[in-house]
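I have placed the structure first, in the form of structure tokens, so that the comments after it can refer back to it.
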Amino acid sequence: MRGNHFVLVHGACHGAWCWYKLMNQLKVDAEIENRSVHVTALDLGASGIDPKVLEEVPNVDDYVEPLMEFMAKLPEDQRVILVGHSYAGLCISLAMQKFPHKISLAVFLTAYMPNFNSSPALLIQEYFKRTPMESILDSQIKFKEDRPMSVIFGPQYMRTKMYPHSEPQAIELAKMLVRPTRLYMEDFDKENLLSESKFGSVKKVYILCEEDEVMKEEFQRWMIEISDPPLTNEQVILIKGADHMVMLSKPYQLSQIFTKLMITHS
């Protein structure tokens with residue numbers, strides 16, 4: 001079985017809860033297409049309703065353990081469409097490296113998209129080089145020797161940068177449910193994390209969000225330009241008027257794209 005099971009992985013500070021609108025819309029659109037669809041949204045370590053606290057996930061392996069356990073339990077003949085939002089682009093890359101044969105398509109949703117020729121940590125470093133500290137507003141980022149170590153988003157930042165096109169209920173939900181996230185710079189700075197034969201063998205799609213005030217379009221296009229293997233025009237999709245939390249602000253448009261990808265890769 002392949003192509004009709006979406007596995008959704010949240011970004012920093014968020015949890016499986018942020019996918020609720022998209023999950024409902026995907027099921028509606030699948031019924032319209034007379035197709036079956038299965039959607040799984042995961043909580044990573046110390047995120048969402050995961051019982052662990054930040055101190056209990058000191059390494060990236062601890063953080064992505066729920067994703068890796070889920071992938072390991074999938075039957076060998078089953079393949080999924082793996083979706084990573086924002087920081088989770090790095091997390092799904094680790095799953096692509098370990099389980100390439102179980103992934104029919106990897107979707108980087110306004111996300112960090114590393115390549116196998118350089119350290120994934122370089123993307124985080126480049127992001128902070130391009131991001132003025134005053135733009136993070138009331139978010140709290142802890143640094144160690146000029147390297148970002150952890151983050152928790154503030155209410156003002158979420159309202160004005162992350163969720164500007166979302167309904168007030170979504171913003172209020174986020175204010176209650178966000179949790180701090182480590183960035184695991186040391187783990188992502190290790191050599192040979194990703195290889196051409198495994199990570200590079202998985203088909204990829206990148207979804208750009210035009211009005212993303214967190215991960216600016218310029219930065220997203222830079223990652224696309226340096227991707228290896230390179231992406232074709234067909235592998236890059238732009239959602240106009242979309243902010244960073246596109247699954248909440250543009251769930252219908254995103255579901256339409258995902259449904260087409262499901263049909264293509266079924």
Could you report the tightest heavy-atom contact between [X] and [Y], atom names first, then the distance?
X	Y	answer
Leu183	Tyr87	O-OH, 2.8 Å
Asp228	Phe116	O-CE2, 3.0 Å
Ile152	Pro180	CD1-N, 3.5 Å

With side chains defined as the heavy atoms from C-beta onward, is the minimum distance between [X] and [Y] less than 4.5 Å?
X	Y	answer
Leu8	Val39	yes
Lys190	Ser119	no
Ser201	Pro100	yes
Leu82	Val107	no
His10	Leu44	yes
Gln220	Thr110	yes
Phe70	Thr40	yes
Trp222	Leu123	yes

Can a side-chain donor-acceptor contact be found between [Y] and [X] if the only test is distance below 3.5 angstrom?
X	Y	result
His5	Gln78	yes
His244	Glu211	no
Ser118	Asn115	yes
Ser195	Gln97	yes

Looking at [X], I want to see if its [atom1] is surrounded by more than 12 non-hydrogen atoms of other residues, nucleotides or ligands under 6.0 Å.
X	atom1	answer
Glu210	CD	yes
Glu191	CD	no
Lys175	NZ	yes
Gln156	CD	yes

### Query
Do Lys204 and Phe199 meet the cation-pi criteria used here (NZ or CZ under 6.0 Å from the six-membered ring centre, within 45° of the axis)?
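Yes; both conditions hold, so Lys204 lies above the ring face of Phe199.
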
Keeping [X] on the side-chain end and [Y] on the backbone end, is there a donor-acceptor pair under 3.5 Å?
X	Y	answer
Ser36	Asn4	no
Gln235	Thr232	yes
Tyr206	Ala111	yes
Ser93	Cys91	no
Arg79	Lys102	no
Ser139	Gly154	yes
Thr181	Cys13	yes
Arg182	Met149	no

Looking at [atom1] of [X] and [atom2] of [Y], how far apart are the two atoms once the value is rounded to the nearest 0.5 Å?
X	Y	atom1	atom2	result
Leu105	Thr264	CG	OG1	9.0 Å
Ser47	Leu54	OG	CG	8.5 Å
Phe99	Met96	CZ	CE	13.5 Å
Lys129	Thr131	NZ	OG1	12.0 Å
Lys203	Ile81	NZ	CD1	11.0 Å

Residues 55-69 side chain polar contacts: donor-acceptor under 3.5 Å, at least two apart:
{"unit_1": "Glu56", "atom_1": "OE1", "unit_2": "Val53", "atom_2": "N", "d": "2.9"}
{"unit_1": "Asp62", "atom_1": "OD2", "unit_2": "Asn59", "atom_2": "N", "d": "3.2"}
{"unit_1": "Glu65", "atom_1": "OE1", "unit_2": "Lys52", "atom_2": "NZ", "d": "3.2"}

Requested in this report: May I ask whether Leu122 and Phe219 are part of the same hydrophobic cluster, defined by side-chain heavy atoms of I, L, V, M, F, W, Y residues being less than 4.5 angstrom apart, directly or through others?
Outcome: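 No, Leu122 and Phe219 fall in different hydrophobic clusters.
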
Salt bridge check, Asp189 against Arg147: does any charged N sit closer than 4.0 Å to a carboxylate O?
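Counted as a salt bridge, because a side-chain N and a carboxylate O are separated by less than 4.0 Å.
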
Looking at Glu218 and Arg221, is any side-chain nitrogen of the basic one under 4.0 Å from a carboxylate oxygen of the acidic one?
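Salt bridge between Arg221 and Glu218, a charged N being under 4.0 Å from a carboxylate O: no.
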
Notebook entry, point to check: Ring centres of Tyr157 and Phe153 under 6.0 Å apart?
Noted result: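 They qualify: ring centres under 6.0 Å apart.
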
Which pairs would a plain distance check flag for residues 248-258, meaning a side-chain donor or acceptor within less than 3.5 Å of a matching protein atom at least two apart in sequence or in another chain?
{"unit_1": "Ser249", "atom_1": "OG", "unit_2": "Asp243", "atom_2": "OD1", "d": "2.7"}
{"unit_1": "Ser249", "atom_1": "OG", "unit_2": "Met245", "atom_2": "O", "d": "3.3"}
{"unit_1": "Ser255", "atom_1": "OG", "unit_2": "Gln25", "atom_2": "O", "d": "3.3"}
{"unit_1": "Ser255", "atom_1": "OG", "unit_2": "Leu26", "atom_2": "N", "d": "3.4"}
{"unit_1": "Ser255", "atom_1": "OG", "unit_2": "Asp29", "atom_2": "OD2", "d": "2.5"}
{"unit_1": "Gln256", "atom_1": "NE2", "unit_2": "Asp29", "atom_2": "OD2", "d": "3.3"}

For this session: Could you name each residue pair satisfying salt bridge (Lys or Arg N to Asp or Glu O under 4.0 Å) that touches residues 117-127, not counting sequence neighbours?
Result: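 Listed by first then second residue: Glu126-Arg130.
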
